[in-house]
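Take a look at the structure below.
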Amino acid sequence: MSDGKFQQAVGIALECRRLDKLEQAISKSENVSAMLSYCLRLSQTHVDKREFRHEVLRLIVNLYQGLPSPDYLSVCQCLMFLDDPGNVANILDELIKGDKVDTLLAYQVAFDLFENEYQPFLLNVRDSLPDPQTTSSSKMVVEGTVTSSIENDSSVGNVETSAANSPLTGAGVLLDGTAGRQAAEDTTSTTEHGSSSSQELSVYADRMVKLKGILSGETPIHLALQFLYGRNRSDLLTLKTIKQSVEMRNSVCHSATIYANALMHAGTTVDTFLRENLDWLSRATNWAKFSATAGLGVIHRGHLQQGRSLMAPYLPQNGGSGGGSPYSEGGALYALGLIHANHGEGIKQFLLESLRNTNNEVIQHGACLGLGLAALGTADEEVYEDIKSVLYTDSAVAGEAAGIAMGLLMVGTASEKAGEMLAYAHDTQHEKIIRGLAIGIALVVYGREEEADTLIEQMTRDQDPILRYGGMYALALAYRGTANNSAIRRLLHFAVSDVSDDVRRAAVLALGFVLCSEPEQTPRIVSLLSESYNAHVRYGAALAVGISCAGSGSSEAVSLLEPLTSDAVDFVRQGALMSMAMVLMQTTEARDPHVGTFRRQLEKIVLDKHEDTMSKMGAILAYGILDAGGRNVSIMLQSRTGHDRAMAVVGMAIFTQFWYWYPLIYFISLSFAPTAFIGLNHELKMPKFEFISDIRPSIFSYPPPTAPPSTSSNIKLPMAVLSTSARAKARAKKEVDSKASAGKPLPREVNTNLSSDSSGSTEGTEKDLTTTTRDGDAMEVDTGPEKKATNAEPSSEVLSNPARVVPLQEKYIKFPEGCRFAPVKKTPSGFVMLRDLDPLEPVELVSTNAPSTGLPSSNVGATVPANSMPVDDEPAPPEPFVYVP
């Protein structure tokens with residue numbers, strides 16, 4: 001510290017766990033705010049022990065609050081890590097009581113907290129904020145009482161009378177009605193003060209409503225829905241090609257096509273493909289029908305206001321079975337959970353009633369999954385007891401979903417209920433139930449790190465391989481994104497030593513979750529495992545790389561996965577194709593030529609009738625992942641602030657269970673996040689605002705749409721040529737050459753013969769003649785440089801709010817100087833609050849293209865093209881005129 005090397009001092013203090021020296025190093029540094037940011041980053045990446053990390057974060061919060069102008073964005077992130085919703089609510093409440101800049105900062109904090117997707121924390125913050133209606137009404141009551149009491153005593157005459165009777169009159173204190181005038185002035189000032197305070201209260205109440213709308217998720221979900229709908233670039237021709245190439249009898253590929261369609265249109269509300277192929281869709285039976293119905297939940301995900309009405313034709317009527325297929329009813333309940341995932345306050349009670357009113361295991365299966373998604377992480381006791389009663393029926397189908405749902409409900413709580421679940425897993429004989437409970441227990445210890453070690457040790461030492469399998473996932477989720485050396489060592493040990501292939505596969509796959517914060521490390525760690533003799537280990541290595549490096553376009557990851565896409569074992573090829581799609585999401589061919597090669601490989605596999613079903617299914621799902629969300633989303637397991645996105649990690653973990661149960665494929669949609677820049681003003685509206693992407697547009701543009709096959713072929717068919725015709729053409733050619741060299745005009749009959757000649761040599765001669773003629777004037781007209789100029793690609797691109805900004809593009813985003821709007825936080829993507837530097841001028845807003853909310857299920861997305869422009873109001877009728885015949 002005496003040498004001024006404060007960063008090294010901070011690092012040593014963290015290594016030695018000396019909080020006093022840490023505080024000293026930060027306080028003595030020249031730039032305290034920058035040093036606090038550096039310390040916060042180090043605490044997330046280099047501090048292994050969770051308890052000590054929390055102590056460091058508390059110290060950082062105290063030091064931030066001691067600054068003249070605290071960085072509230074960082075303070076609230078620290079408080080979220082510490083699970084302290086009360087202090088976050090106090091900070092937000094104080095900010096919205098300030099001016100417009102403070103209010104924008106409060107909204108920005110709320111949006112940043114929402115991106116972490118930690119629903120219980122956000123709901124606690126929202127509930128800790130005061131209710132604006134209650135606050136305003138109580139203040140108005142007080143003001144009303146004061147005003148009325150003053151009004152009753154404010155007449156001049158009354159005051160004069162009372163003054164005349166006063167013993168102080170003789171002293172000249174109250175003379176000539178002075179007291180009356182003074183009282184009247186006081187009344188006027190009080191009335192003015194009351195009106196201004198009521199205006200302030202209404203502004204405060206309006207801000208509080210907006211803030212709570214952000215924290216509850218309503219505002220950001222609605223904005224994301226508008227963006228995904230308006231910018232949808234799904235390629236329906238690709239789906240059509242897949243559908244035509246899939247054999248009628250192959251139910252696996254038929255279902256895979258439905259899954260791919262749902263993923264391609266995730267969150268866009270565009271279900272055109274399903275509506276245009278109802279006959280083809282009707283071939284789905286039993287569980288395939290369950291999956292097809294549930295796919296609507298992925299397509300309409302986030303449509304919170306209309307979710308139930310969209311699914312109404314398929315839902316059980318009056319809470320019980322509506323006489324329809326139990327598979328479509330169960331799928332509809334699962335779809336409702338997907339639509340309301342992590343934001344299920346409005347639908348939870350309906351799902352609960354549906355679960356209570358049925359004894360059908362298929363409907364129970366869908367209701368349990370839907371409830372788990374809607375009540376994710378809320379630890380609701382009532383819901384838990386109802387799901388537990390389904391588990392105790394010992395039905396294999398319903399019990400598996402119940403086990404997963406219990407984990408979803410208790411995610412990250414480290415509840416003692418994990419012990420109950422483990423005990424029942426030992427009692428039951430159904431492998432499906434044991435597996436569901438094993439995954440559920442892993443979800444319960446999510447993010448608890450060393451606190452979960454006892455339970456993990458118990459599971460990994462169990463004789464049942466299914467519980468050891470769950471232990472691998474418990475290790476993965478407890479240490480997600482920490483790159484903890486101890487966790488990696490344990491997983492590698494099980495990957496090479498366990499006797500069960502399932503456990504070994506899960507151990508390698510789990511490395512992807514532990515290393516998701518350091519994706520560049522994963523290919524190096526699993527490179528040897530990817531060459532293992534055991535196909536299950538190779539499969540796990542492929543998925544580990546896909547999970548960890550998703551959306552990164554990493555060349556190391558691509559190099560590792562390439563040989564696995566042509567592996568000898570079909571399910572290894574399947575995993576490698578899906579992982580490659582995850583890595584190359586939103587990567588263009590201009591940036592990485594592997595993208596074009598990979599797409600051609602997928603097309604070849606899909607069209608090959610002799611390809612194995614497993615790898616063909618992997619190729620179809622890879623198409624869905626590669627173009628997910630209308631090509632506007634990417635898989636993000638961590639938010640931009642470094643916090644893990646709990647819903648995304650949980651969704652990816654359950655998605656990997658599709659090895660046993662295909663309907664769980666839809667859980668991958670929980671890990672999708674829109675790659676968008678959405679700028680908002682203080683009214684949470686989108687003003688017209690431009691910024692610069694300082695790189696060639698083709699590097700991060702949308703991939704070109706698939707070209708439809710041409711109806712007319714340009715290939716010339718072979719023609720029969722007579723020997724006499726050939727000799728005549730040869731003579732004509734010789735005559736042309738001689739005349740051309742002499743500079744004489746050609747005879748008419750020769751021209752006629754030449755014009756009717758379709759051979760390549762004569763065409764070449766005509767071209768040569770034309771070129772020769774043009775060359776005479778070539779000195780004056782030089783078209784070369786002009787062509788080059790028109791084809792030259794610009795080095796940067798101007799983007800308009802809202803815009804698609806992919807993660808790899810963020811470092812090239814620049815905000816122009818002198819612009820009317822300035823971002824409160826210099827962030828290159830996500831929800832960004834914009835400060836208006838010229839508030840007196842009228843603001844031009846962006847016209848939004850929102851999905852229809854008033855139409856019934858049968859009409860939504862049917863008549864509106866996927867990439868249609870906003871529809872204006874109906875034009876006004878023409879002016880009156882006189883018709884003259």
Side-chain angles (χ1 to χ4, degrees), residues 235-264 273 277 280-281 283-284 287-288 291-292 295 501 505 530-532 534-543 545-546 557-585 589 593-628 655-656 658-665 668 703 706-709:
D235 196 342
L236 290 177
L237 201 59
T238 302
L239 282 170
K240 186 178 178 183
T241 305
I242 295 171
K243 180 181 81 75
Q244 290 172 347
S245 63
V246 169
E247 294 179 9
M248 299 291 186
R249 295 168 296 173
N250 195 332
S251 61
V252 173
C253 290
H254 183 277
S255 294
T257 309
I258 295 171
Y259 296 136
N261 169 61
L263 297 179
M264 278 187 189
F273 177 75
N277 299 281
W280 173 82
L281 192 64
R283 294 196 184 96
W287 285 107
S291 298
D501 283 337
R505 184 180 71 247
S530 69
E531 298 170 8
S532 168
N534 189 313
H536 291 264
V537 173
R538 298 201 300 275
Y539 175 91
L543 272 188
V545 171
V558 171
S559 300
L560 185 141
L561 290 169
E562 255 186 332
L564 294 177
T565 58
S566 54
D567 195 274
V569 181
D570 55 357
F571 65 79
V572 177
R573 294 200 297 275
Q574 182 193 70
L577 290 169
M578 294 169 68
S579 296
M580 185 77 90
M582 291 183 200
V583 173
L584 295 177
M585 283 181 86
E589 197 169 353
H594 287 102
V595 177
T597 309
F598 180 59
R599 284 188 180 271
R600 287 189 290 274
Q601 183 183 9
L602 292 180
E603 187 178 9
K604 179 177 176 293
I605 293 171
V606 168
L607 296 176
D608 187 356
K609 294 188 180 297
H610 305 290
E611 187 65 61
D612 292 318
T613 299
M614 296 306 297
S615 51
K616 189 173 277 195
M617 177 190 176
I620 294 170
L621 290 175
Y623 264 125
I625 295 168
L626 202 58
D627 295 337
F655 159 73
T656 59
F658 81 90
W659 178 279
Y660 304 100
W661 192 234
Y662 286 159
L664 298 180
I665 286 172
I668 195 175
T706 307

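Position 1 is the first residue of the sequence, and the numbers go up from there. Only this structure's heavy atoms are used, side chains among them; waters, hydrogens and symmetry mates stay out.
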With sequence neighbours excluded, what pairs up with Arg573 under the salt bridge (charged side-chain N to carboxylate O under 4.0 Å, His left out) test?
Glu611, Asp612
Mind checking the CD1-CG spacing from Ile625 to Leu263? Nearest 0.5 Å is all I need.
6.5 Å
Looking at Thr257, is its backbone amide N or carbonyl O close enough to the side chain of Asn261 to form a donor-acceptor pair, meaning the two atoms are under 3.5 Å apart?
no
Could you walk me through whether His254 and Lys243 pass the side chain to side chain contact (heavy atoms under 4.5 Å, CB included) test, one step at a time?
CA-CA 8 Å; His254 183 277; Lys243 180 181 81 75; over 6 Å; no
Side-chain contact test, heavy atoms from C-beta onward, threshold under 4.5 Å: evaluate it for Thr241 versus Val606 and give yes or no.
no
Can you find a pair of side-chain heavy atoms, one from Ile605 and one from Leu577, that are under 4.5 Å apart?
yes
Atom pair CG (Asn250) and NZ (Lys609), whose distance is rounded to the nearest 0.5 Å:
11.0 Å
Note: Met585 and Leu626 closest approach over all heavy atoms is N-CD1, 4.2 Å
Contacts of His594 meeting ring-ring contact (aromatic ring centres under 6.0 Å, His included) (sequence neighbours excluded), chain-then-number -> none
What are the two closest non-hydrogen atoms of Leu543 and Gly575, and how far apart are they?
CD2-O, 4.2 Å
Rounded at 0.5 Å granularity, tell me how far OG1 in Thr565 sits from CD in Gln574.
13.5 Å
Side-chain contact, heavy-atom cut-off 4.5 Å: Trp287 with Tyr662?
no
Gap separating the OG1 atom of Thr656 from the CG atom of Leu664, nearest 0.5 angstrom
9.0 Å
Flag side-chain contact, heavy atom, 4.5 Å: Ser291 against Ile258:
no
Ignoring hydrogens and angles, tell me if any N or O in the side chain of Arg538 forms a donor-acceptor pair with the backbone of Ser530 under 3.5 Å.
no
Does Arg599 pair with Asp627 as a salt bridge, N-O distance under 4.0 Å?
yes
Flag, side chain of Ser255 to backbone of Val252, donor-acceptor distance under 3.5 Å:
no
Applying side-chain contact (heavy atoms from CB on, under 4.5 Å) to Glu603 and not counting sequence neighbours gives Leu607, Tyr623
List the residues meeting side-chain hydrogen bond (donor to acceptor under 3.5 Å, both in side chains) with Trp661, not counting sequence neighbours, and say none if there are none.
His365
If the condition is ring-ring contact (aromatic ring centres under 6.0 Å, His included), which residues does Phe598 pass it with, not counting sequence neighbours?
none
Closest non-hydrogen atoms of Leu621 and Ala260, given as atom of the first, atom of the second and distance, are CD2-N, 4.5 Å
Under the rule for ring-ring contact (aromatic ring centres under 6.0 Å, His included), what residues qualify as partners of Phe658, not counting sequence neighbours?
Phe655
CG of Asn277 to CG of Leu236: how many Å apart, nearest 0.5 Å?
9.5 Å
Nearest heavy-atom neighbours spanning Leu281 and Ala292
CD1-CB, 4.3 Å
Please check this pair: side chain of Lys616 against backbone of Asp608, looking for a donor-acceptor N/O pair closer than 3.5 Å.
yes
His536 side chain to Val572 backbone, donor-acceptor under 3.5 Å:
no
Quick one: pull up OG1 in Thr597 and CD in Gln601 and give me the separation to the nearest 0.5 Å.
8.5 Å
Residue pair Ser579, Val545: steps toward the side chain to side chain contact (heavy atoms under 4.5 Å, CB included) verdict
CA-CA 7 Å; Ser579 296; Val545 171; 5.7 Å; no
Within a strict 4.5 Å, meaning less than it, do heavy atoms of the Ser532 and Tyr539 side chains meet?
no
Close side-chain approach of Arg505 and Val537, heavy atoms under 4.5 Å:
no
Heavy-atom nearest pair, Ala542 first then Leu564, reads CB-CD1, 3.9 Å
Closest heavy-atom pair and its distance - Leu602, Ala622
CD2-CB, 3.9 Å
